[in-house]
2 protein chains.
Amino acid sequence: MSRKNRTDVVAAASVMFAEQGFHGTSMRDLAKKLGLMGSSLYSHVVSKDELLVDVVREASSRFQTLADEVATMPGTAIQRLSRLVHGHLQILVKDPHQARTFLNETRFLPEPERDTAVAMFDRYQRAYRDVLSSGCNSGEFRSDLDVHLAANLVLSLLNGTQRWFNADGALSVESLASEVHRLLTLGLNPDPEANAA
Amino acid sequence: MSRKNRTDVVAAASVMFAEQGFHGTSMRDLAKKLGLMGSSLYSHVVSKDELLVDVVREASSRFQTLADEVATMPGTAIQRLSRLVHGHLQILVKDPHQARTFLNETRFLPEPERDTAVAMFDRYQRAYRDVLSSGCNSGEFRSDLDVHLAANLVLSLLNGTQRWFNADGALSVESLASEVHRLLTLGLNPDPEANAA
DNA sequence: CCTACCGATCGGTAGG
DNA sequence: CCTACCGATCGGTAGG
């Protein structure tokens with residue numbers, strides 16, 4: 001166990017916030033996990049809140065990068081939706097603790113950071129609405145689609161996987177993403193023109 | 001403000017646990033909401049944990065009732081899936097705080113209640129797997145479907161709505177359920193043979 | 001259901 | 001990064 005830096009502390013915090021929740025994690029819990037005394041954390045960070053801010057910001061920025069990529073990406077709406085699905089699930093899987101903390105503990109951020117995070121996620125969600133509505137216009141998706149509702153449903157489906165998907169299991173992220181994309185585009189019903197991934 | 005009984009205390013707890021989280025709610029917070037002193041709660045309940053147990057148990061039992069109904073329900077797989085979708089969303093909407101506490105705070109239950117709750121939800125999930133696999137056999141759903149995965153995805157979609165659906169908004173639960181069912185069966189793609197709800 | 005109180009733990013600081 | 005410590009708050013109890 002060598003000397004710890006701020007990155008180590010934030011990483012450990014993301015693990016504990018994901019597993020015990022922000023309010024269920026004490027600074028002494030966190031310190032013990034790092035092999036430190038509780039008070040030593042304050043040489044790396046000014047408050048407990050700051051740790052949550054850091055974790056949420058990192059996750060936000062990953063989602064934002066994906067949204068920016070898809071905003072300028074060429075291709076059909078189906079291809080761009082597929083990129084959103086794969087990219088989103090990859091973010092969830094790459095750092096599951098950071099993702100879980102982002103999804104479950106953002107609401108405990110102090111203001112104004114909480115508002116900022118919510119605004120960022122709204123902007124992220126717009127990427128989904130843009131892709132869906134362009135797919136409606138191109139005839140790739142149903143023209144009667146409620147785009148706002150559909151974006152919420154797609155994101156609900158993606159974020160919900162975080163509760164049960166295990167990256168070490170038999171199912172790979174790529175397979176999961178393909179299945180999610182198939183379910184979204186084709187649904188459960190049998191269809192001769194399958195495999196649109 | 002009249003005298004409070006245990007039901008009042010549990011109901012108030014479900015609201016606070018949903019909004020602040022179990023660990024973010026103190027017994028004094030809860031008491032204040034009821035217009036009581038913190039210590040007065042202990043004439044209704046023996047511990048804070050017991051409140052969480054009560055809330056989770058009530059939610060579990062609602063889901064279980066739905067699963068039992070669908071297990072003995074006649075009809076096609078599509079009709080039974082539709083009942084699961086509508087019933088599940090109705091439970092979420094009928095008592096959103098209880099549902100949120102169930103979904104987010106069950107992990108903080110003490111053992112053995114936590115294990116019991118997890119086992120109950122596994123059993124609930126089996127209703128989804130049964131309906132999906134019977135639909136595969138009947139040809140209503142794709143025969144190559146990974147039933148276990150699909151059940152997880154359906155439940156992720158349903159539970160995710162809890163984060164954003166507002167019963168007081170323009171969209172009714174029935175419309176939401178219909179849209180979810182359409183997305184699940186038909187997907188986003190345009191389909192002449194629509195309206196299978 | 002309240003007053004009065006318990007030991008334990010909380011986030012955080014001072015000083016080295 | 002540690003020792004020593006702060007006031008505040010935690011879940012919970014005794015006794016009425």
Side-chain angles (χ1 to χ4, degrees), chain A residues 1-57 97 101 104-114, chain B residues 1-57 97 101 104-114:
Chain A
M1 295 280 174
S2 59
R3 217 148 198 281
K4 304 300 184 302
N5 58 32
R6 184 182 173 115
T7 307
D8 297 325
V9 176
V10 173
S14 78
V15 174
M16 296 216 66
F17 291 167
E19 289 174 351
Q20 317 283 349
F22 177 70
H23 290 303
T25 304
S26 74
M27 291 300 268
R28 286 164 179 85
D29 289 339
L30 179 58
K32 192 188 291 179
K33 173 161 231 174
L34 289 158
L36 303 175
M37 290 291 111
S39 59
S40 303
L41 295 171
Y42 291 91
S43 45
H44 296 107
V45 100
V46 75
S47 72
K48 188 186 175 187
D49 282 345
E50 200 178 86
L51 286 168
L52 183 57
V53 169
D54 263 36
V55 176
V56 170
R57 261 203 207 130
H97 296 109
T101 299
N104 298 326
E105 313 299 323
T106 295
R107 56 186 171 142
F108 299 127
L109 277 178
E111 297 294 2
E113 279 81 10
R114 194 193 126 107
Chain B
M1 294 281 175
S2 58
R3 217 147 197 280
K4 305 299 183 300
N5 57 30
R6 184 183 174 115
T7 306
D8 297 326
V9 176
V10 173
S14 79
V15 174
M16 297 217 66
F17 292 168
E19 288 174 352
Q20 317 284 347
F22 177 70
H23 291 304
T25 303
S26 75
M27 292 300 269
R28 286 163 180 85
D29 288 340
L30 179 58
K32 192 188 293 180
K33 173 161 232 172
L34 289 158
L36 303 177
M37 291 290 113
S39 59
S40 303
L41 295 171
Y42 291 92
S43 46
H44 296 106
V45 99
V46 75
S47 70
K48 187 186 176 188
D49 282 345
E50 199 179 87
L51 286 168
L52 183 57
V53 168
D54 263 35
V55 176
V56 169
R57 258 200 210 133
H97 296 110
T101 299
N104 298 326
E105 313 298 324
T106 294
R107 56 185 171 141
F108 299 128
L109 277 178
E111 297 294 1
E113 281 80 11
R114 192 194 128 107

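Numbered from 1 within each chain, the chains take letters A, B, ... in sequence-line order.
Both distances falling under 3.5 Å, in either a Watson-Crick or a G-U wobble arrangement, place C:dG15 opposite D:dC2.
A:Ser26 comes within 4.0 angstrom of the backbone, heavy atoms only, and of no base. Note on A:Ser47: only backbone sugar-phosphate atoms sit closer than 4.0 angstrom, heavy atoms only; bases stay farther off. Among the heavy atoms of the strands, none lies under 4.0 Å from B:His23.
In terms of phosphate contacts, B:Ser40 brings a side-chain nitrogen or oxygen within less than 4.0 Å of OP1 or OP2 of C:dC2. In this model, the phosphate group of C:dC1 is not approached by any side-chain N or O of B:Ser43 to a distance below 4.0 Å at OP1 or OP2. Residue B:Arg28 places none of its side-chain N or O atoms closer than 4.0 Å to OP1 or OP2 of D:dT9.
A:Leu36 places its CG atom 16 Å from the C1' atom of C:dG11, with the value rounded to the nearest Å. For the pair A:Met37 CE and D:dA4 P, the computed distance is 12 Å after rounding to whole Å. The interatomic distance linking A:Phe108 (CZ) with C:dG11 (C1') rounds to 17 Å, in whole Å. When the C1' atom of D:dT13 is taken as reference, atom CE of B:Met27 falls 13 Å away, rounded to whole Å. Following rounding to the nearest Å, A:Gln20 (CD) and C:dC10 (P) show an atom-to-atom distance of 12 Å. Between A:Asp8 atom CG and D:dC1 atom C1' the separation is 14 Å, expressed in whole Å. The NE2-C1' distance, from B:His44 to D:dG11, rounds to 18 Å in whole Å. Rounded to whole angstrom, the span from the CG atom of A:Leu41 across to the C1' atom of C:dA14 amounts to 17 Å.
In terms of position on DNA chain C, the residue among B:Asn5 and A:Thr25 whose nearest nucleotide sits closer to the 5' end is B:Asn5.
Between B:Phe22 and B:Lys48, the closest side-chain pair of non-hydrogen atoms falls below 4.5 Å. Contact of the A:Leu30 side chain with the A:Leu51 side chain is registered, since non-hydrogen atoms from C-beta on lie closer than 4.5 Å. A:Glu113 places none of its side-chain heavy atoms less than 4.5 Å from the side chain of A:Val56.
For DNA chain D, the residues of residues 48-57 of chain B within the heavy-atom distance limit of 4.0 Å (strictly under) are B:Lys48, sorted by number.
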